Amino acid sequence: MSISISDDSIRLRNGIKIDRGTLKSHQSQNADHKLHRDTLEISQFANNREEIMQKITHTVMQSATSFSDTRAGILKDIREEKNQYSYSDVVNACGLSYVKLYSEIEKRHENEQERYYNADGTLLTKEDEIEWLDMQYEQEVKWQVSCAGIAAQRQIFQGNITEMPAIEIEELEDTFYQAKDAYMKLYHESKQAGRQFVFQNFAFGNSRMYEVLNRLGNLQEKVK
């Protein structure tokens, strides 16, 4: 097929005539469609990138050691100040650790429009985080009570005591939950008054319990 070109049109041998203006119009429309498509792709990419970055910056990594690390830091400060710490300090440190982590959760979820995510990308709510914190506290209490029992068994084996101080160990478990409630109350009162909550020398349980447990030497947390 031969093609002849005039100023205004393109004529094919079989008589088909293509107007040059029409051809240019189609070319312009195709270019516009391509530009529009490219713009949409770039916009979609930008939106996806923003969404991904939002999830990355709002992903909360819940560490199994966050509670014990917080408690260890508090006890480290106490030991540096007093050269030692007692069971009463451990109980108070646990109560304060709970409140410190609880306050971080509250601050994170102050803006209801913000969304936070687990490491697997699922939505993480304030209720989820508090439930996780409660579980961490329960595990800490079980660990502390278990350590007290092991230390007592060691003292029995060495002949230093004759029987397991079961009553004192049971009371110790109760004092940890008393500490949690007391520090939460202090936290809410301090928040309303605009004061910072700090370590307190609250007296949970009775002096005999602490005397017995301190004598066991069950301060397992080595503070460097």
Side-chain angles (χ1 to χ4, degrees), residues 47-80 85 87-148 169-205 219-224:
N47 290 337
N48 291 341
R49 182 177 183 277
E50 183 178 350
E51 182 179 347
I52 291 172
M53 292 303 298
Q54 174 79 357
K55 280 197 172 185
I56 291 175
T57 57
H58 285 69
T59 295
V60 179
M61 304 300 292
Q62 295 178 324
S63 171
T65 64
S66 60
F67 190 93
S68 58
D69 290 344
T70 304
R71 182 251 303 147
I74 295 171
L75 290 177
K76 180 177 182 293
D77 292 339
I78 295 172
R79 184 163 186 173
E80 288 177 350
Y85 57 82
Y87 254 108
S88 178
D89 295 324
V90 174
V91 172
N92 277 278
C94 285
L96 179 57
S97 296
Y98 183 92
V99 168
K100 280 181 173 290
L101 294 173
Y102 184 92
S103 68
E104 291 176 7
I105 294 172
E106 277 210 325
K107 288 178 182 177
R108 188 155 44 240
H109 293 275
E110 279 181 349
N111 185 351
E112 295 181 356
Q113 303 303 317
E114 294 284 350
R115 295 290 181 268
Y116 290 90
Y117 304 89
N118 292 295
D120 62 359
T122 57
L123 187 66
L124 178 66
T125 66
K126 178 181 177 180
E127 291 72 24
D128 292 334
E129 292 209 65
I130 293 175
E131 182 179 354
W132 169 83
L133 179 58
D134 287 338
M135 182 181 66
Q136 293 297 307
Y137 196 82
E138 290 174 5
Q139 291 178 351
E140 175 71 17
V141 173
K142 289 179 180 178
W143 184 82
Q144 292 288 350
V145 171
S146 175
C147 287
I169 292 177
E170 184 177 343
E171 289 178 351
L172 173 65
E173 183 174 1
D174 292 338
T175 62
F176 281 110
Y177 290 105
Q178 292 171 20
K180 173 187 169 184
D181 293 340
Y183 272 93
M184 280 300 292
K185 182 181 181 212
L186 175 65
Y187 167 68
H188 289 303
E189 291 175 350
S190 300
K191 188 176 180 181
Q192 290 179 353
R195 300 191 307 266
Q196 184 179 7
F197 59 93
V198 295
F199 183 87
Q200 302 290 323
N201 289 310
F202 287 133
F204 303 106
L219 297 181
Q220 297 293 322
E221 187 68 31
K222 296 181 180 179
V223 183
K224 297 180 180 180

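Sequential numbering from 1 along the given sequence is applied to the chain's residues. This one's a predicted model, so the numbers in the text were calculated from it and none came from an experiment. Just the heavy atoms: all of them, side chains too, but no hydrogens, waters or symmetry mates, feed the values below.
Evaluation of the side chain to side chain contact (heavy atoms under 4.5 Å, CB included) rule for Glu104 yields Leu101 as partners, not counting sequence neighbours. For Asp181, there are no salt bridge (Lys or Arg N to Asp or Glu O under 4.0 Å) partners two or more places apart in sequence or in a different chain.
Atom CD of Glu189 is surrounded by more than 12 heavy atoms from other residues, nucleotides or ligands within 6.0 Å. When the shell of 6.0 Å around CD of Gln200 is examined, it contains more than 12 heavy atoms from other residues, nucleotides or ligands.
The two residues Met184 and Val99 have their closest heavy-atom pair at N-CG2, 3.7 Å. Closest approach of Trp132 and Ser66 over heavy atoms only: CH2-OG, 3.0 Å. Taking each heavy atom of Ala179 and Tyr137 in turn, the nearest pair found is CB-OH, 4.3 Å.
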Stepwise, does the side-chain contact (heavy atoms from CB on, under 4.5 Å) test hold for Val91 with Phe202? CA-CA 9 Å; Val91 172; Phe202 287 133; over 6 Å; no
Working note: Glu114 + His109, criterion side-chain contact (heavy atoms from CB on, under 4.5 Å); need CA distance, chi angles, decisive distance, verdict. CA-CA 7 Å; Glu114 294 284 350; His109 293 275; over 6 Å; no
For Asp134 and Lys180: C-alpha separation, side-chain torsions, deciding distance, then whether side-chain contact (heavy atoms from CB on, under 4.5 Å) applies. CA-CA 10 Å; Asp134 287 338; Lys180 173 187 169 184; 3.3 Å; yes
Would Phe176 and Lys142 satisfy side-chain contact (heavy atoms from CB on, under 4.5 Å), going step by step from the backbone distance to the final call? CA-CA 10 Å; Phe176 281 110; Lys142 289 179 180 178; over 6 Å; no
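Taken to the nearest 0.5 Å, the OH atom of Tyr98 stands 4.5 Å off from the CG atom of Leu133. Between atom CD1 of residue Ile105 and atom CG of residue Leu124 there is a gap of 8.5 Å, rounded to the nearest 0.5 Å. The structure places OH of Tyr102 at 5.0 Å from NZ of Lys126, a figure rounded to the nearest 0.5 Å. To the nearest 0.5 Å, atom CD of residue Gln196 and atom OG of residue Ser103 are 9.5 Å apart. Within the model, atoms CD1 of Ile130 and CE of Met135 stand 14.0 Å from one another, a figure rounded to the nearest 0.5 Å. With rounding to the nearest 0.5 Å, the separation of CD1 in Ile74 from NZ in Lys100 is 5.5 Å.
Using modelled atom types and a 3.5 Å distance limit, the side chains of Glu106 and Tyr187 yield a donor-acceptor pair. In this model, a donor atom of one side chain and an acceptor atom of the other lie less than 3.5 Å apart for Glu140 and Gln144.
A 4.5 Å side-chain heavy-atom check between Tyr117 and Thr122 finds every atom pair outside the cut-off. At least one side-chain heavy atom of Asp89 sits less than 4.5 Å from a side-chain heavy atom of Asn201.
Side-chain atoms of Asp174 never come within 3.5 Å of backbone atoms of Glu171 as a donor-acceptor pair (strictly under, hydrogens ignored). Of the possible polar contacts, one joining the Thr125 side chain to the Asp128 backbone as a donor-acceptor pair under 3.5 Å is found.
The aromatic rings of Tyr183 and Phe204 sit tilted relative to each other, their planes meeting at an angle between 30° and 60°.
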